[in-house]
Every structure is written in C-alpha cells, then in structure tokens.
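Down below is the structure, laid out as structure tokens.
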Amino acid sequence: LDNGLARTPPMGWLAWERFRCNTDCKNDPDNCISERLFRTMADLVVSEGYADVGYEYINVDDCWLEKERSFSGQLVADKQRFPSGMRSLADYVHSKGLKFGIYEDFGNYTCAGYPGVLGYLQLDAQTFAEWDVDYVKLDGCYAHPSEMDRGYPEFGYHLNRTGRPMIYSCSWPVYQIYAGMQPNFSSIVEHCNLWRNYDDIQDSWKSLETIFDYYGDNQDVIIPNAGPGHWNDPDMLIIGNFGLSYEQSKTQMALWAILAAPLLMSVDLRTIRPEYKAILQNKKIIAVDQDPLGIQGRRIYKHSGIEIWARPISPTYQNYFSYALAFVNRRVDGTPSDIAVTLQELGLYNPGGYAVEDLYEDVSYGVLTPQTKIKVKVNPSGVVILRADVRPTRALAQQF
Ligand SMILES: OC[C@@H]1[C@H](O)[C@H](O)[C@@H](O)CN1C(=S)Nc1ccc(F)cc1
C-alpha cells in the first residue's frame with residue numbers, strides 16, 4: 001500500500017502469541033489483556049533499549065473490547081480492563097515516543113467472539129483515527145473469504161479517508177488460502193502494508209519450521225509481492241517465550257531478517273532472559289531486516305537437513321548486490337554440521353570480492369573472492385548468518 005508508511009518492515013511488540021485472550025484480571029492481573037499490560041510493555045520497550053534499536057509499535061490484538069457496541073454503534077474498550085479508554089492508552093504510548101496499534105476483524109465477530117467491523121466499516125475507521133491509532137490489524141474470522149476482495153480494500157479506503165496515517169495489516173490472503181482460493185496478490189499489495197500468508201505462529205520449533213518451510217516452498221509466488229510499503233508477514237517473533245531453545249531463537253531472528261519480515265515481538269519483556277533479549281536487540285541482524293532495498297530473500301539450498309538462505313541487500317556496486325547468508329541446520333543428529341561452500345556457488349560473482357562477517361559472533365572472514373571456500377559449523381536447529389558486503393573490483397581500486 002503506497003501510503004508512505006512501512007517503507008521497511010514494521011518493528012514493535014504485539015500481545016497475541018504470549019498473552020492470547022487472557023481476560024481474567026481478577027485472578028491474573030499481571031498478565032490479562034489490560035491497559036496496565038500495554039503501558040508496562042511500552043515502558044520496557046523504551047527503558048530496556050528496544051526502542052533504541054528500532055522497535056516502535058505497541059500493538060493490541062484480540063479481546064480488548066466490550067461484547068457490545070455503544071448506543072451510537074461505536075466500538076468500546078472493555079470498561080474493567082481498559083478503564084481509561086483506547087485514546088488514553090494511545091496517548092500514553094505516544095508520550096513514550098512509540099506508536100500504537102489496534103486489532104479488528106472483517107467479519108461479524110473477531111476470532112475470539114468480540115464485535116467485528118461488518119456493518120460499521122466507516123464508523124470503526126473513524127473511531128480508530130479519533131483514538132490516534134497508528135496501525136490497524138484486520139483479521140478475517142467469521143467472514144466469507146469471497147467477500148474479502150471487496151471488504152479489505154473498502155476498510156482501507158475508510159482508513160485513508162480519515163486523513164490519519166495508519167499502517168494497514170491484512171489477514172486477507174491466509175483466509176482465502178484456507179478456503180482453497182487463489183488470492184489476488186496485486187490487489188493485496190495495492191491495498192495493504194503487510195499481510196499474513198500462513199498459519200498463526202505457536203510457541204514451538206515445530207510451528208516455526210512449518211512457517212519457514214511454507215515460505216521456502218512457495219517463495220516464487222511470495223517473494224515478488226514484497227517491497228517497501230508492502231510486506232509478507234510470517235507472524236510474530238516468539239523469541240524469549242517457552243518453546244524455542246537458544247539456538248532455535250537465533251534461527252527465527254536470522255530467517256525473519258532474510259524474509260524481510262515485520263519484527264513484532266510477542267514476549268513478556270518483564271521476564272525475558274538476557275541472552276534472548278540480546279538476540280532481539282542484535283543491530284546487525286535488524287539492519288538486514290530493515291535494509292532499504294526491501295528485497296525479500298530466498299532459500300537457495302535445501303538438502304539432507306542443511307538449508308542456505310540468501311537475501312540481496314545494500315550496498316550495491318555496479319550490478320552486484322551485497323548479501324545476507326543464513327546457514328540453517330535442521331538435523332538433530334547431535335553434532336554441529338560443517339558446511340563448506342564458495343561465494344560463487346551461492347551466486348556471489350563480484351570479481352572485487354566481498355567483506356564477510358558473522359552477524360551473531362564477533363568474527364570477520366576478511367575480504368573473500370568468489371572462489372574462496374567458506375566453512376561454517378552450524379549447531380543442530382541453529383543457524384550461522386553472515387553478511388557479505390560487495391567490494392569494488394580491484395582494477396578500479398588500483399586507479400586510486
Ligand atoms: O483471535 C485473534 C488471533 C490472532 O490475532 C491471530 O494472529 C489471528 O491470526 C487470528 N487469531 C486466532 S486465535 N485465530 C484463530 C485460530 C484458530 C482457530 F481455530 C480460530 C481462530
């Protein structure tokens with residue numbers, strides 16, 4: 001969507017995967033979906049250094065609402081859990097220098113059964129603008145997928161007509177794919193800033209594997225739709241929760257950067273362990289995800305449990321790109337796997353070579369020619385991610 005927003009994939013914090021639809025503030029006041037939870041997370045995004053490395057959006061998901069609209073038909077935040085109202089929460093988030101996201105559903109109900117936007121598209125878009133919302137996720141439960149080709153553009157039209165810039169996140173294609181339909185991606189790219197292509201992420205390595213398998217297996221259809229202002233969304237970062245090991249967490253961060261994915265953390269920032277926080281705050285990997293060229297990377301090798309993923313990034317030189325290269329070990333046979341490959345075999349041909357460094361370890365490989373063998377040792381369910389920055393051809397360099 002060409003609304004000047006999301007020129008790089010959005011970064012922030014989204015409640016759903018970690019906090020779900022916990023509405024029991026009586027028995028679980030610290031973890032229920034409430035204004036207190038989002039204020040606390042906004043505070044921590046700033047105080048714990050996440051904002052400094054680019055995390056910007058604090059996003060509410062399902063279950064924020066009263067079960068009934070107001071007398072005038074407006075959406076109302078749950079009076080017990082959001083007593084100050086959404087506008088006040090948005091103001092608080094803005095006071096921390098962050099941006100505020102909200103959730104609704106193109107249907108009669110949200111997935112958790114709260115009021116959906118059907119019948120109130122213009123009013124709900126206007127309400128979100130009045131509340132100074134900066135990002136809207138529109139889910140697709142309780143709707144006919146065949147209605148979505150009209151419905152999602154229509155809601156986006158109403159958002160645009162408010163005059164307030166709001167990132168528009170669409171669940172549109174995933175529900176059509178579930179219904180066996182072929183999504184109209186040119187329309188989705190035109191009307192949405194990001195969209196979900198596949199299942200909800202759950203807190204497990206298995207769930208993560210199915211998602212990046214899907215993105216690798218369907219990459220020829222998926223990759224061309226990505227670019228500044230319009231991104232594929234493989235769902236939230238689950239780093240720091242319960243289901244991923246340290247190695248698997250490094251793998252998700254590396255692959256999300258290769259996929260030019262939104263970096264929407266869904267984790268309890270109050271209890272996250274330092275080594276997981278360090279993965280989320282890895283500036284070198286965030287720089288890959290946020291690369292201004294906005295070219296989504298692809299899986300270029302997959303064999304006997306070893307995968308290699310490559311993303312073209314800046315700087316470029318003549319018609320050569322720089323690259324991020326991720327080596328993933330899907331094997332579980334105990335010992336780290338050795339991978340030896342030349343840059344040329346990976347498609348990096350620049351005669352002037354590439355300056356290569358590891359983005360997790362403080363290791364530099366120096367300037368390598370396309371013919372140089374690179375050897376990496378990758379831990380089971382882990383990753384090695386390198387950056388290969390293109391170098392001018394020697395001839396040119398010798399002129400100076
Ligand atoms: O209720 C909202 C929740 C989150 O927003 C996810 O990101 C959305 O993809 C949808 N969603 C859920 S749990 N959707 C859903 C998942 C399984 C199911 F059987 C019925 C609905």
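Each ligand, and each atom within it, is numbered from 1 in the order the structure gives.
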| request: Write out the residue and atom name of the closest protein heavy atom to atom 1 (O) of ligand 1, then the distance separating them to 0.1 Å. | output: Asp62 OD2, 2.8 Å
| said: A cation-pi test, strictly: NZ or CZ of Arg69 under 6.0 Å from the centre of the six-membered ring of Tyr120 and no more than 45 degrees from its axis. Yes or no? | reply: yes
| message | Taking the cut-offs as 6.0 angstrom to the six-membered ring centre and 45 degrees off its axis, would you call Lys99 and Tyr135 a cation-pi pair? | response | no
| message | Tell me the protein heavy atom at minimum distance from atom 8 (C) of ligand 1, and give that distance in Å. | response | Asp139 OD2, 3.2 Å
| query | Can you tell me how far the OG atom of Ser314 sits from the CD1 atom of Ile295, to the nearest 0.5 Å? | reply | 9.0 Å
| Would you say atom 20 (C) of ligand 1 touches the protein, meaning some protein heavy atom is under 4.0 Å from it? | no
| message | Check this for me, if you would: do Asp338 and Lys377 make a salt bridge, where the nitrogen-to-carboxylate-oxygen distance has to be below 4.0 angstrom? | response | yes
| Backbone N/O of Arg391 and side chain of Asn350: donor-acceptor pair under 3.5 Å | yes
| task | For atom 7 (O) of ligand 1, find the nearest protein heavy atom and state the residue, atom name and distance (0.1 Å precision). | result | Lys137 NZ, 2.8 Å
| note | ring pair (Phe, Tyr, Trp, His ring centres under 6.0 Å) with Phe38: of Tyr92, Phe100, Trp13, only one passes, and it is Trp13
| task | Go through ligand 1 atom by atom and flag the ones less than 4.0 Å from a non-hydrogen atom of Arg196. | result | 7 (O), 9 (O)
| remark: Residue, atom and distance of the protein heavy atom nearest atom 13 (S) of ligand 1 read Trp16 CZ2, 3.4 Å
| Short N/O distance, under 3.5 Å, between Asp235 and ligand 1? | no
| Asp61 heavy atoms, cut-off 4.0 Å: which ligand 1 atoms fall inside? | 2 (C), 4 (C), 5 (O)
| query | Would you say atom 10 (C) of ligand 1 touches the protein, meaning some protein heavy atom is under 4.0 Å from it? | reply | yes
| field | Location of contacts on Thr110 toward ligand 1, heavy atoms closer than 4.0 Å | value | neither
| message | For atom 6 (C) of ligand 1, tell me which residue out of Asp233, Leu264, Asp200, Asp105 has the closest non-hydrogen atom. | response | Asp200
| Ring geometry between Trp195 and His230 (parallel below 30°, tilted from 30 to 60°, perpendicular above 60°) | parallel
| query | Are a donor atom and an acceptor atom from the side chains of Ser84 and Glu35 found within less than 3.5 Å of each other? | reply | yes
